[in-house]
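See structure below.
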Amino acid sequence: MVRMDTESADIKAIEEIVATVEQVQRARDAEGFLALFHPDALWTTAHGKVLIGFDAIAEFTRAVLPNAEWDGEVTYEAVHIQFLRPDVAAVKIRQIYHSPAGDTEGAPLYVMTKQPDGNWLLHAAQNTEVRAA
């Protein structure tokens, strides 16, 4: 029973991180986005750029996110959360860019780790552009 309560709380915390990713992306808030990362994080962009470590992620994010141009809004939804261990979760995301020209989709996979203080952080991520068949 304790595991169920703990897992439910962790699912809620992970969903809140995903909601924060959406908020900071919409706001083009580089610092808010970076606050979600583990210091040893690994990030691969939708176009295959590999960023290893917080400093590389920060340099890229600070250069790209504030100047990102898109018309419309972006939404993020955690569509599947799988606990690999009690403190490690694989999180599949449905990312939709809504624009006047039509929607485009991304399918990020986040590996998140629970920190000693109970907070969840992005530890590894692969963003993948979904292309129409």
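For this chain, numbers begin at 1 and follow the sequence in order.
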Can you name the nearest heavy-atom pair linking Ile57 to Ala41, along with the distance? CD1-CB, 3.6 Å

Can Leu109 be reached from Leu121 by stepping across I, L, V, M, F, W or Y side chains whose heavy atoms are under 4.5 Å apart? no

Applying a strict under-4.5 Å side-chain criterion to I, L, V, M, F, W and Y, I'd like to know whether Leu65 and Phe54 cluster together. yes

Do Tyr97 and Ile93 land in one hydrophobic cluster if side-chain heavy atoms of ILVMFWY residues count as linked below 4.5 Å? yes

Heavy-atom pair of closest approach, residues Pro66 and Ala63: CD-C, 4.5 Å

Could you go through residues 75-83 and list every donor-acceptor pair under 3.5 Å that involves a side-chain atom there, pairing it with any protein atom two or more places apart or in another chain?
residue : atom : partner : partner atom : Å
Thr75   : OG1  : His98   : NE2          : 3.2
Tyr76   : OH   : Gln95   : NE2          : 2.8
His80   : NE2  : Gln82   : OE1          : 3.3

The reported gap from NE2 in His123 to CD in Gln115 (rounded to nearest 0.5 angstrom) is 7.5 Å

Let me see the working for Asn127 and Thr45 under side chain to side chain contact (heavy atoms under 4.5 Å, CB included), right down to the final yes or no. CA-CA 5 Å; Asn127 196 357; Thr45 71; 5.6 Å; no

So how far is it from His47 NE2 to Glu129 CD, rounded to the nearest 0.5 Å? 5.5 Å

How many angstroms lie between CG in Leu122 and CG in Leu42, if you round to the nearest 0.5 Å? 11.5 Å

If you count the non-hydrogen atoms of other residues, nucleotides and ligands that lie under 6.0 Å from CZ in Arg28, is the total more than 12? yes

Glu59, CD atom: more than 12 neighbouring heavy atoms under 6.0 Å: no

Give the table of side-chain donor-acceptor pairs shorter than 3.5 Å for residues 29-39, with sequence neighbours excluded, one pair per line with atom names and distance.
residue : atom : partner : partner atom : Å
Asp29   : OD1  : Glu31   : N            : 3.3
Asp29   : OD1  : Gly32   : N            : 2.8
Glu31   : OE1  : Arg62   : NH2          : 3.0
Glu31   : OE2  : Arg62   : NE           : 2.7
His38   : ND1  : Asp40   : N            : 2.9

Heavy atoms of Ala13 and Trp120 approach each other most closely as CB-CD1, 3.8 Å

Treating Ile, Leu, Val, Met, Phe, Trp and Tyr as nodes and any side-chain heavy-atom pair under 4.5 angstrom as an edge, say whether Ile17 and Ile96 lie in one connected cluster. no

Step through the shown structure and confirm whether more than 12 heavy atoms of other residues, nucleotides or ligands are within 6.0 Å of NZ on Lys92. yes

Provide the closest heavy-atom pair for Val74 versus Glu22 in the form atom of the first, atom of the second, distance. O-CG, 3.5 Å

Linked, directly or transitively: Val64 and Val24 (ILVMFWY side chains, under 4.5 Å): yes

